[in-house]
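Working notes, structure below.
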Protein chains: 2
Amino acid sequence: MADELPSIDPDRLIHEPGRLAILAILNALEEVDFLFLMEQTGLTKGNLSSHTAKLETAGYIEIEKAFVGKVPRTVYRLTEAGSEALDGYRRHMEGILNSLG
Amino acid sequence: MADELPSIDPDRLIHEPGRLAILAILNALEEVDFLFLMEQTGLTKGNLSSHTAKLETAGYIEIEKAFVGKVPRTVYRLTEAGSEALDGYRRHMEGILNSLG
DNA sequence: CAAACTGGTTTGCGCTACAAACCAGATTAC
DNA sequence: GTAATCTGGTTTGTAGCGCAAACCAGTTTG
């Protein structure tokens, strides 16, 4: 089976709406915590947890766990690699969408 | 679990890259056959078959089977509903992508 | 001390995208 | 004429994934 085209396939890790939402927020806000991410994305705790785990494994985000007093607090941050990947994704998708124009 | 946002969720049926590729081609070309779609999308026969079946079920495309002489020929066409859905998807995604600016 | 809340992780399941196997009919080779 | 090949697909099998629910550790409140 030939592959004539330069591949229309976007980065699947980013393409998933839940993760795209996470990345979009981190792209805008620099540093957020779990609860905030959950509220903004509308994801459940479980989904948010597994999505962020995947993004961390890919090196797209950093997860930092710390204690504020006695309360655990996890903050999420976009890495440089994540920022670049997101930018690449944006350009890729814009190219596709523009062709629909 | 609250849903504070107006939902970032795109139409999953369109969001899938394989189907988006099919729809993009049909959006541009009006009427194409199976082999052409396969070459352009890079999908295998099986995937193309099941993706088009789903798009037809959703009412986004029409599938017309006919014989040219003795050779079967299936042509695919975007429906009005499909065109509208695709347009909605494009606007939706552009909104998200623009916010990444 | 028990109940409830915070801040998550782990588990279980249904769906789906993918490739491979299959299939029917037409054509070509022998 | 019959066996192999090609065209044009559909059906089947499976691995992976997104989802929600269950669970869990620690803290605060009653």
Side-chain angles (χ1 to χ4, degrees), chain A residues 1-3 5 7-26 31-58 60-77, chain B residues 1-3 5 7-26 31-58 60-77:
Chain A
M1 304 298 162
D3 47 66
L5 286 184
S7 160
I8 38 92
D9 227 39
D11 184 336
R12 297 273 182 157
L13 209 69
I14 297 183
H15 195 58
E16 164 61 30
R19 286 190 296 261
L20 181 54
I22 294 171
L23 293 174
I25 290 169
L26 291 182
E31 187 176 314
V32 299
D33 64 25
F34 188 85
L35 214 59
F36 181 82
L37 262 187
M38 201 176 110
E39 285 165 1
Q40 294 298 311
T41 59
L43 294 168
T44 60
K45 296 188 281 186
N47 294 337
L48 181 53
S49 182
S50 62
H51 281 318
T52 51
K54 264 170 203 177
L55 290 171
E56 186 188 29
T57 298
Y60 288 177
I61 68 174
E62 283 173 7
I63 304 183
E64 199 177 300
K65 288 163 188 299
F67 279 87
V68 175
K70 296 177 172 181
V71 181
R73 179 186 158 95
T74 306
V75 296
Y76 303 87
R77 221 173 291 114
Chain B
M1 305 297 163
D3 50 65
L5 288 183
S7 162
I8 38 90
D9 227 40
D11 184 337
R12 296 274 181 154
L13 209 68
I14 298 183
H15 195 57
E16 163 62 31
R19 286 189 295 261
L20 180 55
I22 294 170
L23 292 175
I25 291 168
L26 291 183
E31 186 175 316
V32 300
D33 64 25
F34 188 85
L35 214 59
F36 180 83
L37 261 187
M38 202 177 109
E39 285 165 1
Q40 294 297 312
T41 60
L43 294 167
T44 60
K45 295 188 281 183
N47 294 336
L48 181 53
S49 180
S50 62
H51 281 319
T52 51
K54 262 168 204 178
L55 290 171
E56 185 189 29
T57 298
Y60 288 177
I61 68 173
E62 283 173 8
I63 305 183
E64 198 177 300
K65 289 164 188 297
F67 279 88
V68 175
K70 295 177 174 181
V71 181
R73 178 186 159 94
T74 305
V75 296
Y76 302 88
R77 221 174 290 114

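Every heavy atom of this structure was used, including side-chain atoms; hydrogens, water molecules and symmetry mates were not. Naming: A, B, ... by sequence-line order, numbering from 1 per chain. The structure displayed is predicted, hence computed values, not measured ones.
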statement: Residue pair Gly46(A)/Asp33(B) against DNA chain D: nearer the 5' end by closest nucleotide is Asp33(B)

message: Can you tell me which nucleotide in dT10(D), dT9(C), dC18(C) comes closest to the side chain of Phe34(B)?
response: dT10(D)

field: Residue pair Leu55(B), Leu26(B): steps toward the side-chain contact (heavy atoms from CB on, under 4.5 Å) verdict
entry: CA-CA 12 Å; Leu55(B) 290 171; Leu26(B) 291 183; over 6 Å; no

- prompt: At under 4.0 Å between heavy atoms, what does Leu48(B) touch on the DNA or RNA strands: base, sugar-phosphate, or nothing?
  reply: nothing

Between dG18(D) (C1') and Ile22(A) (CD1): distance, integer Å: 12 Å

query: When you measure from the side chain of Thr41(A) to the backbone N and O of Leu37(A), does any donor-acceptor pair fall under 3.5 Å?
result: yes

Tyr76(B): side chain to side chain donor-acceptor pair (under 3.5 Å) partners, not counting sequence neighbours: none

message: I want to check one thing: is the phosphate of dC18(C), taken as OP1 and OP2, less than 4.0 Å away from some side-chain N or O of Arg12(A)?
response: yes

field: Under-4.0 Å side-chain N/O to phosphate OP1/OP2 contact, Arg19(A) with dG18(D)
entry: yes

message: Test side-chain contact (heavy atoms from CB on, under 4.5 Å) on Thr52(B) and Glu56(B); report intermediate values, then the result.
response: CA-CA 6 Å; Thr52(B) 51; Glu56(B) 185 189 29; over 6 Å; no

query: Which nucleotide in the list dT9(C), dT10(D), dG8(D) gets nearest to the side chain of Leu35(B)?
result: dG8(D)

- prompt: Looking at Thr44(B), does any N or O in its side chain come under 4.0 Å of the phosphate oxygens OP1/OP2 on dC18(C)?
  reply: no

- prompt: Is there a side-chain contact (heavy atoms from CB on, under 4.5 Å) between Tyr60(B) and Asp11(B) once you walk through the steps?
  reply: CA-CA 12 Å; Tyr60(B) 288 177; Asp11(B) 184 337; 2.7 Å; yes

message: Run Leu23(B) and Ile61(B) through side-chain contact (heavy atoms from CB on, under 4.5 Å) and show every step you take.
response: CA-CA 8 Å; Leu23(B) 292 175; Ile61(B) 68 173; 3.9 Å; yes

- line: Rounded to whole Å, CG of Leu43(A) lies from C1' of dG7(C) at a distance of 16 Å

Sequence-aligned protein contact record of nucleotides 24-30 of chain D, with B where the base is within under 4.0 Å of a protein heavy atom and S where only the sugar-phosphate is: ---S---

task: Calculate the interatomic distance between Met38(B) atom CE and dT7(D) atom C1'; express it in whole Å.
output: 11 Å

field: Interatomic distance where CD belongs to Glu16(A) and P belongs to dA17(C) [whole Å]
entry: 12 Å

task: Under the side chain to side chain contact (heavy atoms under 4.5 Å, CB included) rule, collect the residues that match up with Ala53(A), sequence neighbours excluded.
output: none

task: Round to a whole Å and report the spacing from CG of Asp9(B) to P of dC19(D).
output: 7 Å

Rounded distance in Å - CG (Leu13(A)) to P (dA17(C)): 17 Å

task: Write down the distance between CG (Leu37(A)) and P (dG7(C)), rounded to a whole number of angstrom.
output: 13 Å

statement: The complete set of side chain to side chain donor-acceptor pair (under 3.5 Å) pairs with one or both residues in residues 16-25 of chain B, sequence neighbours excluded, reads Arg12(A)-Glu16(B), Arg19(B)-His51(B)

- prompt: Among residues 51-58 of chain A, which residues get a heavy atom nearer than 4.0 Å to DNA chain D?
  reply: His51(A), Lys54(A)

- prompt: For Arg77(A), what residues pass the salt bridge (Lys or Arg N to Asp or Glu O under 4.0 Å) criterion, not counting sequence neighbours?
  reply: Glu31(A), Glu62(A), Glu64(A)

- prompt: For the pair made of CG in Asn47(B) and C1' in dT12(D), what is the distance, rounded to whole Å?
  reply: 13 Å

message: So which atom in Ile25(A) and which in Gln40(A) form the shortest heavy-atom distance, rounded to 0.1 Å?
response: CD1-CB, 3.3 Å

